[in-house]
Amino acid sequence: MLVLDRPLALLALVLPVLLILVARVFARPPRLATGSLCIWRAIGAAEVGGASPVRSRIPPVIWFFAACLALAALALASPRTLAAATPRTWTAVVDRSPGMYLPFQPDDARTRLDVALASALDYLRREARAGDRVRWLGPGREMLVLPAGEEPPATWLARDAWFAPRPRFEAHDLPGRLWITDRARASSRASVFASGGADAPGPIGERPGETPHEVVWRGGEATEEREVTPRRVAFYPPDEEPILSDVVASWAEARGLDVVAGHWEAALVVRLAADETGPRVVVGRDGWRMACVAGPPRLDDAAHTWLSVERDGELVPVVRWRPGRVVLGLGACAEPEGDPAAFAVSWARLLDEALLPRPGVVPMRDRVAAGAGVVRRGVPPEDGGRGPAPGENRFAALLAAAAALCALAGSATGWRR
């Protein structure tokens with residue numbers, strides 16, 4: 001495709017036209033000697049044919065200079081070719097927190113996620129170009145890359161058994177980002193697709209104790225309702241590490257949870273996986289430390305590292321976790337040093353993070369109304385666009401060279417005259 005960088009330069013094409021018109025007006029008929037008999041014969045033949053016996057003629061030098069001006073005008077317009085358009089990449093950041101799976105309205109079968117996702121897909125189908133791709137990002141999910149306008153599979157969008165955290169949207173306030181969530185958020189460059197939604201009454205937790213009760217949020221207040229069976233925490237194998245076993249037992253008692261041995265249907269499984277032949281090291285964080293035999297625990301690659309030690313210049317994980325599972329690569333631990341309260345709080349945060357919620361429980365902050373829906377268009381992704389093709393400057397250079405040749409030719413013709 002050929003485009004002009006400076007199309008207004010084409011206005012200069014009027015100059016060669018004016019030059020020819022002026023030359024036409026002021027051109028003089030050629031002088032001929034009347035004593036020649038052939039001249040009179042030519043005049044007689046022209047009169048018989050109805051033509052003018054003598055015509056004014058524009059000199060060749062004028063034509064050369066007119067061509068020079070026309071070619072120079074085209075060169076000033078800077079014509080160039082364009083390469084094929086580069087497809088753009090959009091990034092959709094999907095909120096998979098529990099509130100996204102609540103009903104959009106009391107009598108609506110759609111969830112908040114359904115409504116927000118539909119708005120984002122509609123926008124992509126209207127704004128995306130042929131060949132554009134979309135990267136789909138969501139906490140707890142691997143990145144997907146799909147054609148623009150294609151919805152991620154249901155398995156990717158499905159709710160987990162644990163509370164997926166909300167994305168850090170502020171880290172994605174960039175061109176080409178799409179925030180898919182339930183509550184309106186301020187952005188400067190990202191597009192926002194917030195579903196909004198009505199109140200969604202239901203369980204928000206439980207009151208711990210010997211007889212735990214379900215806590216339900218309804219009508220703007222939280223009330224205790226039916227008794228529920230205490231959930232279980234499995235510590236496996238039992239009685240292997242007294243210090244860590246006491247930490248888990250104290251935490252479970254405060255949460256109204258029963259500690260059992262090897263119960264794999266528990267809301268949390270804490271497994272000891274220490275290599276007794278491993279080196280003895282000092283581990284610690286959050287203001288405490290203790291000496292233990294440490295070895296890397298085995299857990300799938302999707303797990304998070306909570307505690308690690310440095311060995312041979314590298315960090316080796318010794319405590320890893322994922323929702324519903326904590327694996328400890330520690331054993332033969334000495335009494336912890338530092339603030340005892342900091343030690344208890346640090347481990348409690350880990351266990352709280354890994355504990356699976358009771359089915360159907362959603363925090364109250366997610367059940368309250370999400371407000372009105374918002375669709376705000378942001379900045380599209382950076383466009384690789386149509387780039388200049390190789391040798392793009394040849395057109396302007398060739399036109400300028402041709403204009404120079406015409407000027408030289410015109411000058412030489414005028415000089416010979």
Side-chain angles (χ1 to χ4, degrees), residues 98 139-140 158-165 203-215 226-276 278 283 285-286 288 290 292-308 317-336 340 343-363:
R159 176 183 173 181
D160 294 318
W162 64 294
F163 290 161
I204 59 175
E206 61 185 63
R207 180 184 61 79
E210 293 183 3
T211 56
H213 283 72
E214 183 180 64
V215 179
R226 61 187 179 90
E227 292 185 12
V228 291
T229 304
R231 290 185 293 164
R232 296 180 173 89
V233 175
F235 190 83
Y236 177 83
D239 304 326
E240 288 289 332
E241 174 45 58
I243 292 180
L244 298 179
S245 178
D246 288 346
V247 168
V248 174
S250 299
W251 168 81
E253 182 180 1
R255 303 296 188 275
L257 307 170
D258 291 339
V259 179
V260 298
H263 195 289
W264 296 103
E265 295 181 357
L268 176 63
V269 175
V270 182
R271 184 168 65 89
L272 288 170
D275 183 0
E276 297 297 335
V283 297
R285 56 172 288 168
D286 301 332
W288 62 267
M290 64 181 178
C292 300
V293 172
R298 294 181 180 179
L299 195 58
D300 59 57
D301 293 336
H304 309 282
T305 296
W306 185 76
L307 191 62
S308 59
V318 293
V319 176
R320 306 191 74 194
W321 72 277
R322 68 181 181 193
R325 183 73 56 87
V326 175
V327 181
L328 308 173
L330 301 173
C333 295
E335 287 292 331
F343 179 75
V345 170
S346 179
W347 283 92
R349 286 174 178 169
L350 166 65
L351 299 173
D352 285 338
E353 189 77 14
L355 180 68
L356 292 176
R358 189 182 293 275
V361 170
V362 174

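Along the sequence shown, residues carry numbers from 1. As the structure is a prediction and not an experimental result, all values here were calculated from the model.
- In this structure, R271 CZ and L328 CG are separated by 9.5 Å, a value rounded to the nearest 0.5 Å.
- Listed by chain and residue number, nothing satisfies the side-chain hydrogen bond (donor to acceptor under 3.5 Å, both in side chains) test with W347 (two or more places apart in sequence, or in another chain).
- With sequence neighbours left out, D258 forms a side-chain hydrogen bond (donor to acceptor under 3.5 Å, both in side chains) with no residue at all.
- In this view, P357 and W162, F163 satisfy the side-chain contact (heavy atoms from CB on, under 4.5 Å) rule, not counting sequence neighbours.
- Shortest non-hydrogen contact noted between M290 and E335 is CB-O, 4.2 Å.
- When all heavy atoms of C292 and L330 are compared, the pair lying nearest together is CB-CD2, 4.1 Å.
- Aromatic ring orientation, H304 versus W321: tilted (interplanar angle from 30° to 60°).
- Here the CG-OG distance, from L307 to S346, works out to 8.0 Å after rounding to the nearest 0.5 Å.
- Applying side-chain contact (heavy atoms from CB on, under 4.5 Å) to W251 and the options L268, V259, D246, L350 leaves one that passes, L268.
- Taking both residues in full, the closest heavy atoms of A273 and V327 are given as CB-CG1, 3.8 Å, listed atom of the first, atom of the second, then distance.
- At least one side-chain heavy atom of F235 sits under 4.5 Å from a side-chain heavy atom of L272.
- For the residue pair V293 and A332, the shortest heavy atom distance occurs at CG2-CB, 4.1 Å.
- Partners of S308 according to the side-chain hydrogen bond (donor to acceptor under 3.5 Å, both in side chains) rule, which considers only residues two or more places apart in sequence or in another chain, do not exist here.
- In this structure, V319 and V283 have side chains that are not in contact, with every pair of non-hydrogen atoms separated by 4.5 Å or more.
- Every residue meeting the side-chain contact (heavy atoms from CB on, under 4.5 Å) condition with V362, not counting sequence neighbours, appears here in chain and number order: P98, L102, R159, D366, R367.
- Applying the salt bridge (charged side-chain N to carboxylate O under 4.0 Å, His left out) test to every pair with at least one member in residues 347-357, sequence neighbours left out, gives these pairs: R255-D352.
- Evaluation of the side-chain hydrogen bond (donor to acceptor under 3.5 Å, both in side chains) rule for W306 yields no partner, not counting sequence neighbours.
- Scored by the side-chain contact (heavy atoms from CB on, under 4.5 Å) test, A344 finds no partners at all (sequence neighbours excluded).
- The two residues V318 and A294 make their nearest non-hydrogen contact at CG1-CB, 3.7 Å.
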